[in-house]
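Any value given below was found using the heavy atoms of this structure, including those in side chains, with hydrogens, waters and symmetry copies removed. The chains referred to below are lettered A, B, ... by the order of the sequence lines, with proteins before strands, and numbering in each begins at 1. Since the model is a prediction, treat every value here as computed from it, not as a measurement.
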Amino acid sequence: MPLRLPLILVSCFGLFMLLQFFWQATFLDQAYGEVLDWVQIIYLFTLWVGAVHLIKLHLKKSQQKKKEAFYSWVTLAGIFSMLGFGLIGGKEQGSLFSWIFDNVQVPLQATMFSLLAFFVASAAYRGFRARSREALVLLLVAGLVMLGRVPIGNLISEWIPDLANWILNFPSMAARRGILIGIGLGSVATALRIIFGVERTYLGR
Amino acid sequence: MGLSALRVDLLLSFNTSRLNVLVALLICAALVFYFIRQGKKRKGLFLRPISGLSAIEEAVGRATEMGRAVLYTTGLGKMERVATLASMNILGNLARKVASYGTPLIIPCYDPVVMAVAQEVVRESFAKEGKPDAYREENIYFVTQSQFGYAAAVDGIMTREKPAANLFLGTFEAESLILAETGNSIGAIQIAGTDSTIQLAFFIVACDYTLIGEELFAASGYLSRDPLVTGSIKAQDWLKVVIVILIVLGVVFSTLNLDFLSELLSVK
């Protein structure tokens with residue numbers, strides 16, 4: 001019974017989602033809306049579970065005599081100070097919570113995103129090393145596509161942007177669609193296995 | 001509303017513009033169940049070797065020899081995404097290997113529901129291997145719901161813990177290359193797989209092995225050798241044959257200026 005109940009729930013909700021996709025009835029639309037609302041409600045509770053787990057973990061780590069304990073203190077200070085500022089001063093524009101979010105959180109995220117430029121450069125350097133015939137083809141095609149995307153490509157020759165577009169729209173698109181068909185079929189087969197209880201590994205079985 | 005009225009309401013409210021999708025789904029389901037039965041009868045079907053999945057054993061072995069951890073992430077996907085479910089199926093098999101070798105397994109999670117499921121999957125795998133005491137719940141934890149905050153946290157874990165193997169299997173977005181390049185810089189063996197064709201390119205460049213397209217979804221059957229699951233993977237191959245035939249027919253009919261096939265298959 002402990003295993004059967006989650007399997008029955010998964011099957012019922014999976015089949016319900018299929019049903020409401022193919023049929024347009026008022027009661028199905030209402031039930032669908034209800035299900036989505038309940039997903040949000042359950043999700044809010046699980047956020048608490050995650051946050052409490054995180055706090056417990058860092059409380060434990062902060063007590064250890066390791067140099068990493070400092071990071072746990074920073075994490076705990078961040079969680080509790082933001083919680084305090086939010087509860088006391090609110091989250092409206094101009095509040096301390098909002099100020100910290102705009103001036104600490106957002107720049108930190110922007111910094112991480114900016115790092116991507118350097119990572120793209122190092123990955124491109126490794127990826128484009130012409131160590132084999134295939135890598136040489138990749139290097140030439142990538143060079144051509146990049147040239148076609150910047151004004152200097154058009155200055156060199158008018159056909160460079162056209163060729164770059166042709167590469168993106170035909171050979172590249174064909175390869176992408178091939179992968180997408182595989183992903184689509186894989187998704188459908190996995191979903192069917194889960195709905196009908198064939199696949200149970202996600203339940204730990 | 002009476003039962004008969006409900007039946008009439010359902011019959012009347014069928015969305016006929018999606019009839020082609022329903023027919024395609026029924027064909028998929030029929031083929032999947034036929035091959036599941038075949039798999040049961042023939043006790044497993046042949047699956048071509050997938051290097052990325054064969055490398056999981058190597059990655060765990062390497063981590064064990066080096067006395068370091070294995071880092072596993074499902075990315076930004078929530079539990080309702082099929083890629084996350086496929087990732088959980090791989091995690092179950094990986095956790096059994098990790099448990100048998102006694103190697104630490106670290107799983108930082110972006111989503112608290114994924115965290116709870118991952119904990120359950122790993123706990124059960126350790127129990128199946130007869131090592132429930134070796135399970136460490138504190139190694140599977142929720143980090144943050146900020147995309148780049150998550151990337152920063154996982155990068156930090158990589159540089160501090162120096163895992164010998166990194167597995168990125170699930171849904172990834174712009175943070176994919178940040179994670180994979182950091183993993184590359186610490187010399188970890190890296191296996192990745194995602195359902196995003198854009199991020200696949202980054203993983204191919206930065207990782208040692210990449211599961212492309214349906215390989216991510218086939219992983220569960222490949223690793224477990226469960227005849228029921230391998231049967232459904234065989235069905236995927238036959239469905240691909242059907243799609244190729246339809247594409248060829250579509251090309252021929254379109255060249256002859258006959259649009260009925262493309263209209264029949266279009267989704268409204």
Would you mind telling me which of A:E68, A:R126, A:R176 has the largest number of heavy-atom pairs within less than 4.5 Å of chain B?
A:R126
To the closest 0.5 Å, what do you measure between CG (A:L28) and OG (B:S13)?
6.5 Å
If one checks every heavy atom of B:Q119 against chain A at 4.5 Å, the contacting part turns out to be side chain
Per-residue contact mode, A:I42 against chain B (heavy atom under 4.5 angstrom):
neither
Relative to chain B, which segment of A:V39 carries a heavy atom at a distance below 4.5 Å: side chain, backbone, both, or neither?
neither
Can you tell which part of A:L115 gets under 4.5 Å to a heavy atom of chain B, answering side chain, backbone, both or neither?
neither
Would A:K56 and B:E137 pass as an ion pair if we require N to O under 4.0 Å?
no
Which of parallel (below 30°), tilted (30 to 60°) and perpendicular (above 60°) describes A:W23 and B:F14?
perpendicular
Of the non-hydrogen atoms in A:I179 and B:G213, which two are nearest, and what is the gap between them?
CG2-CA, 3.8 Å
With a cut-off of under 6.0 Å to the ring centre and 45° to the axis, is A:K61 in cation-pi contact with B:Y141?
yes
Portion of B:L91 that has a non-hydrogen atom of chain A nearer than 4.5 angstrom
neither
Which one, B:N89, B:V21, B:V229, B:V32, leads in non-hydrogen pairs under 4.5 Å with chain A?
B:N89
Under 6.0 Å from the ring centre and within 45 degrees of the ring axis: does the NZ or CZ of B:R160 meet both conditions for the six-membered ring of A:Y71?
yes
Per-residue contact mode, A:K67 against chain B (heavy atom under 4.5 angstrom):
neither
For A:F119 and B:F202, what are the C-alpha separation, side-chain angles and deciding distance, and is it a ring-ring contact (aromatic ring centres under 6.0 Å, His included)?
CA-CA 10 Å; A:F119 286 131; B:F202 293 130; over 10 Å; no
Applying the side chain to side chain contact (heavy atoms under 4.5 Å, CB included) test to B:M115, which of A:V49, A:T46, A:L54 qualifies?
A:V49
I would like to know whether A:H53 and B:F142 meet side-chain contact (heavy atoms from CB on, under 4.5 Å); could you show each step before the answer?
CA-CA 7 Å; A:H53 191 267; B:F142 169 68; 5.6 Å; no
Which atoms of B:A174 approach chain A - backbone, side chain, both or neither, heavy atom under 4.5 Å:
both
